[in-house]
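Reckoned from all heavy atoms, side chains included, excluding hydrogens, waters and symmetry mates. Chain naming here is simple, since letters A, B, ... match the order of the sequence lines and numbering starts at 1 in each. No experiment lies behind these values; they were computed from the predicted model shown.
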2 protein chains.
Amino acid sequence: MNQRQGHPLTDRAPVARSGSGYSAWRLIAEELRLDIDGGRLHAGDRLPTENVLAERFGVNRHTARQAIAALAEEGLVESRRGSGTFVTGHAVRLHRIGLRTRMTSSLGDEGASATIHVLNSVVEDAPSDVARRLGLEFRRAVRVETTRSAGGQQISVSTHWFDLERLPDIATALRRTGSVTAALRASGIDDYVRASTVVGARHATASESELLLLGPGAIVLVTEALDTLPDGVPLQYLITRFAAQRVRLDIEHARPD
Amino acid sequence: MNQRQGHPLTDRAPVARSGSGYSAWRLIAEELRLDIDGGRLHAGDRLPTENVLAERFGVNRHTARQAIAALAEEGLVESRRGSGTFVTGHAVRLHRIGLRTRMTSSLGDEGASATIHVLNSVVEDAPSDVARRLGLEFRRAVRVETTRSAGGQQISVSTHWFDLERLPDIATALRRTGSVTAALRASGIDDYVRASTVVGARHATASESELLLLGPGAIVLVTEALDTLPDGVPLQYLITRFAAQRVRLDIEHARPD
DNA sequence: CGGGGTTGTCTAGATAAATAGACAACTTGA
DNA sequence: TCAAGTTGTCTATTTATCTAGACAACCCCG
């Protein structure tokens, strides 16, 4: 995801230290994760030895070990006594975002296995900004919380809002079908398009970390999106939090033809 | 950027603790930043008192104070003895990404003031993946590092690659014009389009934190993009790191007409 | 079959972060 | 003016993190 000047694994500046609010081993772990996610270290590659890492980052070997232990707990690397620490693999999924973004079919080759699970649904007065975007007259909306997993990994957590008058039974349809597209079709809507998407990033909250099986302080990619009918009538407002360490958003631009 | 169940500022779960690699005050600071960035706390609003925050997060008052001090150092809040701590303001910019993404004109209303500064430029053998995307035959490429600021704030850091044969003088043109669009026009290219954009997020490296004036451990939004001629011939490969706390990416979808 | 190099584990000590309590300085509203 | 409530500052103590060194267990190659 990033280039680095100079040789991939050398010339590393010592970690920022003391007073940052981040422990040394955490910062080292994140740096190593960069090398793995960024493709400078591939599955099967051996990491630098603990002594080399300790010297490079200017810390004790035990501190470097703790960084490796954190990555090992995530399943990103595997240590073998006597021989070294190796990258086990990294599954970064591409989530496609475009005019016809679909939750269950956008995860690349393995997309077929993506499934949606409904956590809960409530009828409520939508927050004012949501009501405005959905064009709600009386603010009554159905809010549904869902999670999505693929290939045994938690991918994202979403909050959906639908117009209660237009789609009173959307929650049960979502539960039954496990798909937004199918649930909308069951409500008589055969096609819809993505009107707008805004992307941000921040640290995960405690509950998001729990749902997505992330370590504390992990990063989430946050998208806020509006789906509409082809004629522009708002259907669904949607906030999705993706586990940034597992997902990249692949933005589809219309072709110039 | 996120909704929270229940009342905006109550029902907060205690911070994840001890062993996470994140100090308590850092996690609290990030939670408070969420309330500000997310619009639950507006400029001029008073934060809960230090005692309330300490109790809510299950920490000592001194720890809560340290979180506030971190936000104050960023200029996000301001403490006044005897009266409280107040939100000074938060400027989140929208960076538009679409078919005709332009670096100097995409920052919303205030976009006109965005300026690009060239840090350095070198001629090098492009990394293999970059060479492949640019369709380089002999891998020789011009790499340019730039920063972009707007309204007195650092917005992003970018790494550009151009085909050396096609655009030998792009670096000097960039320096002179301060704009990719203008530099390309000076090279006889009047129009270009965005072919692909991939978005991720991760912690900032030490050098990125320095260039973007971020605290250690801040988050960057990372986009990898390819610009081409309207007929699809690759022009520029581009990796941009945005300060996530100041920028949201606004994705433009083609209209269904 | 060595022997150098690697990870795993233990002990001990030094440094940093968080807790605990107290009180001063200041603001606000009754 | 006064009292309650707020932030600022200080000291002391406890807890967590990092450092330091040593050695065992194990792998791999010559």
(message) In this structure, how many angstroms lie between the P atom of C:dA20 and the CD atom of B:Glu50, rounded?
(response) 16 Å
(request) Calculate, to the nearest 0.5 Å, the distance between atoms CZ and OG belonging to A:Arg241 and A:Ser158 respectively. (result) 7.0 Å
(request) Round to a whole Å and report the spacing from CZ of B:Arg46 to C1' of D:dT7. (result) 11 Å
(request) Can you figure out which of C:dA18, D:dC28, D:dT9 approaches the side chain of B:Arg65 most closely? (result) D:dT9
(message) What is the separation between atom CG on B:Asn51 and atom P on D:dA4, rounded to the nearest whole Å?
(response) 16 Å
(message) Counting only side-chain heavy atoms from C-beta out, which of C:dG8, C:dA18, D:dC28 sits nearest to A:Ser83?
(response) D:dC28
(request) Can you figure out which of C:dT19, C:dG8, C:dA18 approaches the side chain of A:Ser79 most closely? (result) C:dG8
(request) Give a yes or no on whether a donor-acceptor pair under 3.5 Å exists between the nucleobase atoms of C:dG8, that is its base, and the side chain of A:Arg61. (result) yes
(message) Can you measure A:Glu78 atom CD to C:dT6 atom P for me and round it to whole angstrom units?
(response) 19 Å
(message) Side-chain N or O of B:Trp25 versus OP1/OP2 of C:dA17: is the shortest distance under 4.0 Å?
(response) no
(message) If the test is side-chain hydrogen bond (donor to acceptor under 3.5 Å, both in side chains), which one of A:Arg143, A:Glu224, A:Arg132, A:His160 qualifies with A:Tyr237?
(response) A:Glu224
(message) I want to check one thing: is the phosphate of D:dC27, taken as OP1 and OP2, less than 4.0 Å away from some side-chain N or O of A:Arg80?
(response) no
(message) Rounding to an integer number of Å, can you tell me how far B:Arg26 CZ sits from D:dT17 P?
(response) 16 Å
(message) For D:dT17 and A:Gln66 - does any side-chain N or O of the residue sit under 4.0 Å from the phosphate oxygens OP1/OP2?
(response) no
(request) Rounded to the nearest angstrom, tell me the gap between atom OH in A:Tyr22 and atom C1' in D:dT17. (result) 17 Å
(request) Report yes if at least one side-chain N or O of A:Thr63 is closer than 4.0 Å to OP1 or OP2 of D:dT19; otherwise report no. (result) yes
(request) Mind calculating the distance between CG (A:Asn60) and P (C:dG8) to the nearest angstrom? (result) 15 Å
(message) Whether the side chain of A:His62 and the base of D:dG21 hold a donor-acceptor pair under 3.5 Å is what I'd like checked.
(response) yes
(request) Just compare D:dT6, C:dA25, C:dT9 and give me whichever is closest to any side-chain atom of B:Arg81. (result) C:dA25
(request) Check the distance between D:dC18's C1' and A:Leu27's CG and give it to me in whole angstrom. (result) 13 Å
(request) Check whether any side-chain heavy atom of B:Val220 sits under 4.5 Å from a side-chain heavy atom of B:Arg202, and report yes or no. (result) yes
(message) Whether A:Thr85 contacts C:dT7 is assessed here as follows: a side-chain N or O lying under 4.0 Å from the phosphate OP1 or OP2. Is that the case?
(response) yes
(message) Side chains of A:Asp250 and A:Ile97, heavy atoms from C-beta outward: is any pair under 4.5 Å?
(response) no
(message) Pairing donors with acceptors under 3.5 angstrom, does anything connect the side chains of B:Glu145 and B:Thr159?
(response) yes
